[in-house]
Amino acid sequence: MTSAKFLVRRLLQGIVVIWGVVTIMFGLRAVSPGDPANLMLAEGASDALIQQVRQEEGLDQPIYVQYFDYVQGLLVGDFGYSWRSNREVEAMVIERIPATLELAVAATIVAIVIAIPLGVISATRRNEPADYGATLFSLLGISTPNFWLGLMLILVLGVWAGILPTGRRPVGLAEAIMTFVQYGYAGDLVTWVRYITLPAITLGTYFTALITRLTRSGMVDELGKPYVTASRAKGLPNVLVRYKHVLRNTMIPIITVLGLQLGTLMGGAVITETVFNWPGLGLRLIDALRIRDWPLMQGIVVFIAIAFVSINIFVDAIYASLDPRVGDE
């Protein structure tokens, strides 16, 4: 199978996944208790007004008609209107994307900065205290629930030590950069870094543990190959062999995982954003769930599904371009 056919197949699979998410979310909305017209209106609204809203929103139509209208709207980028705020769902989703992206990218950076050196040290010092320490860190990182870790960081570093703030951030990254560029003032950037540190550590810990294990196992495999022995026999320094040759070969699967995990981080940010009151998509999803704003819930979940599938296809495309054998699988 050629790379083009491989990517077309991945694209079709992605479309099926998104369609499944859309259908499941619509089905959950259809079977959920309560009258949507009542949720849109203030308490005590008259029966005539409720009936008028049902007709205007198409809620008096058969369920399959509502489903096709909803899917047709999605195809042209119309996610509907929030039942509570009466704002366009796509606008409410778009305005929260930067905060979630900031958190996901910061968590990824935390993981890369910590995990790769730790994995290299663990692999090159096998069965030594450094290896045992890295293994213990990985086990704890994979096993620790995000919400518990976040609460502990808030309690220890935020409340007891008072080192880092734990409330809602006062400024976003884009505003902080604009202030720095226009006025040369770096205070907002420092504030942003202080506020994102704890959420990024919370969200990135599992990811850090995973990449540490991948780096260690990849390095151990590569260090046992003949080309490493040959390089050392030629007199190349160990540092050069490890970091230029072995680590480079180890990074290919790690880069793939990094790309795939970015989508997972966006979806997994729901808990972290809720714990830290971080104004991203996850917090908005929880708010929408609390007030039963189904169009907003559907819009956020569908967007996360689209983002996850798109990132996966993008990573597949890069991987297929690097290794044409992927298309033959």
Side-chain angles (χ1 to χ4, degrees), residues 99-158 161 163-166 169 173 189-190 192-223 238-239 242-269 271-273 275-276 278 280 311 315:
T100 298
L101 273 180
E102 289 171 20
L103 184 56
V105 172
T108 305
I109 291 172
V110 168
I112 292 172
V113 169
I114 296 175
I116 293 178
L118 202 59
V120 172
I121 292 172
S122 179
T124 54
R125 297 184 180 180
R126 276 181 291 172
N127 301 322
E128 294 182 13
D131 185 23
Y132 297 142
T135 302
L136 179 62
F137 168 79
S138 301
L139 291 174
L140 290 175
I142 291 175
S143 308
T144 304
N146 264 11
F147 70 89
W148 184 87
L149 177 61
L151 292 174
M152 290 301 103
L153 289 175
I154 290 174
L155 186 63
V156 175
L157 297 180
I163 298 173
L164 292 169
T166 58
R169 62 171 191 173
L173 179 60
L189 275 174
V190 174
W192 178 82
V193 171
R194 284 171 51 77
Y195 272 84
I196 203 171
T197 298
L198 292 184
I201 292 173
T202 302
L203 185 60
T205 296
Y206 173 84
F207 197 22
T208 304
L210 179 65
I211 298 299
T212 300
R213 299 302 300 165
L214 284 175
T215 305
R216 183 189 184 281
S217 60
M219 286 282 293
V220 168
D221 288 342
E222 289 293 325
L223 286 170
N238 268 335
V239 173
R242 290 172 183 172
Y243 290 94
K244 184 177 180 181
H245 301 292
V246 177
L247 183 58
R248 184 175 62 182
N249 293 337
T250 305
M251 288 301 293
I252 294 176
I254 293 175
I255 289 172
T256 305
V257 174
L258 283 171
L260 295 175
Q261 288 294 320
L262 186 59
T264 306
L265 284 177
M266 289 188 66
I271 295 173
T272 304
E273 290 182 1
V275 171
F276 288 93
W278 188 260
I311 291 172
V315 172

Salt bridge (Lys or Arg N to Asp or Glu O under 4.0 Å) against Arg213, all qualifying residues, sequence neighbours excluded: none
Note, Thr205 side chain near Thr144 side chain (heavy atom, < 4.5 Å): no
OG on Ser143 to OH on Tyr206, rounded to 0.5 Å: 9.5 Å
Any residue meeting side chain to side chain contact (heavy atoms under 4.5 Å, CB included) with Thr208, in chain and number order, not counting sequence neighbours: Val110, Ala111, Ile114, Ala115, Phe137, Thr212
Spacing of CZ belonging to Phe276 relative to OG1 belonging to Thr197, to within rounding of 0.5 Å: 10.0 Å
Flag side-chain contact, heavy atom, 4.5 Å: Tyr132 against Asn127: yes
Side chain to side chain contact (heavy atoms under 4.5 Å, CB included) between Arg169 and Ile196, intermediate numbers included: CA-CA 8 Å; Arg169 62 171 191 173; Ile196 203 171; over 6 Å; no
From Asn146 atom CG to Thr202 atom OG1, the distance as rounded to the nearest 0.5 Å: 7.0 Å
Flag, side chain of Trp278 to backbone of Ala99, donor-acceptor distance under 3.5 Å: yes
Over all atoms of both residues, closest heavy-atom pair of Ser122 and Ala134: CB-CB, 3.7 Å
Interatomic spacing from CG in Leu164 to CG in Leu198 - rounded to 0.5 Å: 4.5 Å
Side-chain heavy-atom pair Asp131, Ile121 within 4.5 angstrom cut-off: no
Side-chain heavy atoms of Leu247 within contact of Ile116, under 4.5 Å: yes
Nearest heavy atoms of Arg126 and Val220, plus distance in Å: NH1-CG1, 3.6 Å
Closest approach of Arg216 to Ala123 (non-hydrogen atoms, all atoms of both residues): O-CB, 3.7 Å
Flag, side chain of Ser217 to backbone of Leu214, donor-acceptor distance under 3.5 Å: yes
Spacing of CG belonging to Leu149 relative to OG1 belonging to Thr272, to within rounding of 0.5 Å: 8.5 Å
Side-chain heavy atoms of Ile112 within contact of Ile211, under 4.5 Å: no
Euclidean distance, Glu273 CD relative to Thr100 OG1, rounded to 0.5 Å: 4.0 Å
